[in-house]
Every structure is written in structure tokens, then in C-alpha cells.
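Take a look at the structure set out below.
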Amino acid sequence: MENKGIDPNRLAHVIGKFKQIFDVDPVAVIRAPGRVNLIGEHTDYNGYPVLPMAIERDILIVLKPRQKPQVRIDNTLSNFGARTFFLDQPIQPFHKGDWGNYVKAGIRGILDLQKTWQGFDAMIDGSIPPASGLSSSSALVVASALALLQCNRVDLDPIDLAQRLAESEKFVGTAGGGMDQTISLNGLANHAVKITFYPLAIHPVELPDFLSIVICNSMIKAPKTEHAMIEYNRRPLECQIATRILADHFSKLFDRPVSATRLADLDPQKLHISPKAHTRICKEVLQPEIMSLDQIRTKSGFSMEKLLDEFPLLRSCVDILNQKGFPLAARVRHVYSEALRVESAVQALLDNDSRFFGQLMNESHASCRDDYEISTPEIDTLVRIARDAGALGARLTGAGFGGCTVNLVETDLVPAFTDRIWHAYYLDYLVKNRPDIDSKGLNIKDVIITTKPASGARGFTLPDS
Ligand code: GLA
């Protein structure tokens, strides 16, 4: 078999594990990559573009179809135990945080395509560090859906599938946008991909060879099922509330109904007002800087009950959210400024202007840190060290609250850059400031990942053995 970008030793290992557990030969393999987002953070669910690329780290599923409508999965890592479920019964989640829920989410996303399904046995192996902002979970969702499609010989357009899986991943609990599933399915070798939403579309942009993307793992885990999930979900919620308050204001201002589901619906271009006037109005309307729930009620004219009905995300954790208050003006500032940075970054790549691209990444980081408040001290340190070590641009990537940074580095400088980061962050900063993290046990290749843009998820049949 042509190796399709899969390391033959790894594949042989996963096949070996499959045979050991299921006692037969597998017939197919699915590969779904993780992703790193170059710029455009928390813009997707607001209806604005993102610019990620698929990475060379992935989820592999080695499988064999079964006659029965039953799925049996196992993992090469023993801490993710075996799981089983049926396709002809309603698929309920395993307990919260269970890895099998991502498999179920992928499968639920396509189940309505036909009435009866053959199940499969599968051995799953991941090379994407989990809870690190590189979308290991979406890669598993994507790979699981492709596994079921492949076993049942059903074809689905990768854009349609991405749309379905963005919805179905909500089964696991986060109110994410569609970036992760779309790039895992639609990645393209040597290209970053601008993704636009509503309607979903992809626009590849070449990444020149002289530029490298280096990912550094802060080692602060941000699992989407715990604290990070509440913190993540409050961001879309705050944007939804801001959208509602702003739409009401614009309706009064223009003396006509202005309807909006997300912030992109209130873009200055769509409203035919200048960006400057738009910024001023958003600032004025969304005062005070940190709003209480009472102030939100007054501004929106909603009763508490109506507010909870209108914004279901609020209901899940209203007390926790209310303690901190709602910095709506800052959130909106981030989203509108980040949307502009994505457009400028795409243009910078097309113009071969890597310095400007790097500058935009740096500005994006500042906005994520100060206005969207999704950074951590460790991530900020990693970003600072990276810039000192020569990165053209450095920023947090993904949902935030820990995870990884993404760095734009001239290819020739990658070895020296990697060495500087390894010493300054992992061997010095982490050792001194985070003794709870076993930095001595780290392997440089696992925490500093240089990757080319990879192609999107695919399934292949295995030759008879
Ligand atoms: C998570 C979500 C994405 C996106 C990013 C932030 O990865 O799944 O949809 O919102 O966070 O940019």
C-alpha cells in the first residue's frame, strides 16, 4: 500500500494491536489530522473566517466492518479502555469526559443518512497531544464518521460532512464553531485554508517553503470537558448577548428592523456604516465595560426568564458567569478586529509579506489575551520567548486557556529557534514556575512540533495480508 503520509511502523503497530484484540485482519485505515489555527480565533461561531492548516499529527483508525449494527472500539493506549455501542438503538453518551463520546458524536452526525448500518471493530491510535488546542477531539469525531461511511460504502462531500460534524460534536458539550472539523476534512498539503462560514466554504492559500510553522505545547492542559468548557462556552454566549443588544440598537438607529444571529450579521459593510462609526457605536452601546446580568436585562428589556430562554448557554452556569460579569465591549472588539486581521493575513500570504503576517499574529495574540481573555501566564511567556528567539509571529492557537502556541519561523532558523525555546521554556521557566508539571520527563519532539500543512482526512483499504 502506498503509505499516504502514514508512518509504516506506526501503522504496523496499530494493525498488530487490532489483530491482538479482535483476532482477525483489519481491512481499512482512516487518517484524520489535527489542526493548528494560524489566525482567526473565536471568529468562526461569530460568522467570520479563520485561517487554519491541517497538521502532520493525526488520529488513525484501523478497522473491519461487522455484519451486526454494533461498534466496538479500542485504543493503543491502555488508559483509554474498550467501548461498545449499538447503531440500531438511540446513542446515549458514556459518562462525561469519556473518550468514546467523540466516536459517538461522529457517528451520530451521519446516522440519519440511511436506515440500517453495518457496524465495525476498530483500533484507534492518536499522535495529537490531547487537551492541547490541536483538535485531537475533532479529529476523532471526523475519523469515526469516516469509519462508518467507509464500512457502509457511503460517500459524502467533505463540506457537507464537516457541517454535520460541527453540529454533532456539540453532543460532547462545547458550543464550538465549524473550524476544526472543516480543516480536518479539507486540509491541503502545503496550504493554509481560509474557511468562511454561513455558507461553509474553503479557500486554500499556499504557504511558501521558506516559512515554517512551529507549534509549542505550553503543557497546560485545557480539556474541553472541564473548566475550559465553561470558559469556552461563555465566549459564544457573550457574543450572542452582545449581538442582541447591538441589533436592537441598530434597529432603533436606522428605524427599521435589523435582525442578526451573530456578530458578522452586524458587520459595518453590511450595515453600510464606516468602520470608525461602527467601533464608536459598539463601544458606546456596550457600556459599562463589565456588565452585570441586571444591566444586561435592562439593556435588552428581557425578563430573567426570557434571557435564560433566549440564551440556553446561560442557563447551564448562570451563577458562575454572573460572578465575573460580562465584558461585552472587549469581546466584540476582539471579534471585529480579528476578522479584519484574518483578511489582512490572507493578503499578506498572497503578497509573500511574511513580516506583516507575523505582525498580525502578534496583534491577534494581544487581542486574545487582553480582550478575549483566553491566554494564560505560561502561554504569554512562551510567546515572549518565541519572539526573542526570532519568530516572525507568535500567538496562542485554538480555544485557549492553555494548550499550544503557533509560531511563524523562517525555515533556516527552525533548529536554532527550537533549541532556544527548549532551554528557555521547558528546561527553565516550567521547572521554576510549574513544579507540578514533570518537565524532566518531556521529549523535545513531542512538545515542539514543526509541521508542514497536511492533507485532509481520508480512508484507504489495506492490502490482503
Ligand atoms: C475551538 C472550537 C473552534 C473555534 C476555536 C477558537 O477549537 O472548536 O470552533 O471556535 O476553539 O478559535
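Everything numeric in this text was worked out from a predicted model, so none of it was measured.
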Quick one: is the NZ or CZ of Arg262 closer than 6.0 Å to the six-membered ring centre of Tyr45, and within 45° of its axis?
no
Apply the test salt bridge (Lys or Arg N to Asp or Glu O under 4.0 Å) to residues Asp248 and Lys252: give CA-CA distance (whole Å), side-chain angles for both, the deciding distance (0.1 Å), then the verdict. CA-CA 6 Å; Asp248 282 354; Lys252 285 187 202 126; 5.7 Å; no
Show me the donor-acceptor pairs within less than 3.5 Å that the side chains of residues 322-329 make with the rest of the protein, sequence neighbours left out.
residue : atom : partner : partner atom : Å
Asn322  : OD1  : Leu293  : N            : 3.4

For Asp44 and Gly178, the nearest pair of non-hydrogen atoms, with its separation, is OD2-N, 3.3 Å
**Within-4.5 Å side-chain heavy-atom neighbours: Ser137 and Val172** = no
Self-check item: Basic-acidic side-chain contact under 4.0 Å: Lys452, Glu56
Solution: no
TODO: Using atom types as modelled and distance alone, determine if a side-chain donor or acceptor of Asn46 lies under 3.5 Å from a backbone N or O of Ala264.
DONE: no
Closest heavy-atom pair, Thr43 versus Ala339, reported as atoms and distance to 0.1 Å, is CG2-N, 4.2 Å
Here the gap from Ile220 atom CD1 to Leu430 atom CG, rounded to the nearest 0.5 Å, amounts to 6.5 Å
inquiry  = Quick one, Thr411 with Ser212, criterion side chain to side chain donor-acceptor pair (under 3.5 Å). Give me CA distance, side-chain angles, the key distance, then yes/no.
reply    = CA-CA 5 Å; Thr411 301; Ser212 282; 3.0 Å; yes
Q) CG of Asp351: more than 12 outside heavy atoms within 6.0 angstrom? A) yes
Does Glu410 use its side chain to pair, donor to acceptor, with the backbone of Asp412 at less than 3.5 Å? no
Quick check against the 3.5 Å criterion: does Asn433 have a side-chain atom that pairs as donor or acceptor with the backbone of Tyr429?
yes
ask   = Is a side-chain donor or acceptor of Tyr425 paired with a backbone partner of Ile385 at a separation under 3.5 angstrom?
value = no
Say whether, by atom type as modelled, one donor and one acceptor occur between the side chain of Ser251 and the main chain of Val258 under 3.5 angstrom. yes
- Query: Tell me, do Met179 and Glu41 make a side-chain contact under 4.5 Å, heavy atoms counted?
  - Reply: yes
Is there a side-chain contact between Leu200 and Thr196 in this structure, where contact means two heavy atoms from C-beta onward sitting under 4.5 Å apart? no
If we ignore hydrogens and angles and just use 3.5 Å, is the side chain of Arg387 paired with the main-chain N or O of Ala394 as donor and acceptor? yes
* Asked: Checking salt bridge (Lys or Arg N to Asp or Glu O under 4.0 Å) for the pair Asp371/Arg331: CA distance, chi angles, key distance, verdict?
  -> CA-CA 6 Å; Asp371 282 344; Arg331 304 299 192 241; over 6 Å; no
Within the 4.5 Å heavy-atom criterion, are Cys216 and Val447 side-chain neighbours or not? no
Contacts satisfying ring pair (Phe, Tyr, Trp, His ring centres under 6.0 Å) that involve residues 359-384 (not counting sequence neighbours) are His42-Tyr372, His334-Tyr372
Here the gap from Gln269 atom CD to His278 atom NE2, rounded to the nearest 0.5 Å, amounts to 11.0 Å
Looking only at the side chains, is there a donor atom on one of Asp380 and Ser375 sitting less than 3.5 Å from an acceptor on the other? yes
When rounded to the nearest 0.5 Å, the distance separating CZ of Arg164 from CD of Glu169 is 15.5 Å
When every non-hydrogen atom of Leu140 is compared with those of Ser144, the smallest separation belongs to O-OG, 2.6 Å
The reported gap from CG in Leu442 to CH2 in Trp422 (rounded to nearest 0.5 angstrom) is 5.5 Å
Exercise. Verify, without hydrogens or angle tests, whether Ser168 (side chain) and Ala105 (backbone) share a donor-acceptor contact under 3.5 angstrom.
Key: yes
Scanning both residues in full, the closest heavy-atom pair of Gly402 with Thr376 reads N-CG2, 3.5 Å
CD (Glu338) and CD1 (Ile39) are apart, to the nearest 0.5 Å, by 5.0 Å
**Prompt:** Should we count NZ of Lys283 as having more than 12 external heavy atoms under 6.0 Å?
**Reply:** no
In this structure, CD1 of Ile195 is separated from CD1 of Ile159 (nearest 0.5 Å) by 8.0 Å
- Check whether any side-chain heavy atom of Ile59 lies under 4.5 Å from a side-chain heavy atom of Arg31, and answer yes or no. no
For Gln359 and Glu363, does a side-chain donor sit closer than 3.5 Å to a side-chain acceptor?
yes
### Task
Answer yes or no: is there a donor N or O on one side and an acceptor on the other, between the side chain of Lys299 and the main chain of Val285, under 3.5 Å?
yes
Note: Pro33 and Ile55 closest approach over all heavy atoms is CB-O, 3.4 Å
So Tyr336 and Tyr48, would you call those rings parallel, tilted or perpendicular, with 30° and 60° as cut-offs? perpendicular
Decide yes or no on salt bridge (Lys or Arg N to Asp or Glu O under 4.0 Å) for Glu373 and Arg369, but give the supporting numbers first.
CA-CA 5 Å; Glu373 297 182 280; Arg369 181 193 60 211; over 6 Å; no
* **Check: Arg434 and Met219 side chains under 4.5 Å, non-hydrogen atoms** => no
Any side-chain heavy-atom pair of Leu149 and Asp155 under 4.5 Å: no
Q | Greater than 12 external heavy atoms within 6.0 Å of Arg10's CZ | A | yes
- request: Start with the C-alpha distance between Arg420 and Asp388, add both sets of side-chain angles, then the distance that settles salt bridge (Lys or Arg N to Asp or Glu O under 4.0 Å), and finish with yes or no.
  value: CA-CA 9 Å; Arg420 284 271 298 269; Asp388 290 349; 5.6 Å; no
### Query
Do side-chain atoms of Asn37 reach the backbone of Gly40 as a donor and acceptor pair under 3.5 angstrom?
yes
Do Thr397 and Arg35 pair up side chain to side chain, a donor and an acceptor below 3.5 Å, judged on atom types alone? no
Closest heavy-atom pair, Asn362 versus Leu392, reported as atoms and distance to 0.1 Å, is ND2-O, 3.8 Å
Query raised in the report: Within a radius of less than 6.0 Å around CZ of Arg153, do more than 12 heavy atoms belonging to other residues, nucleotides or ligands occur?
Result: no
- Quick one: does Leu286's side chain get under 4.5 Å of Ile245's, heavy atoms only? yes
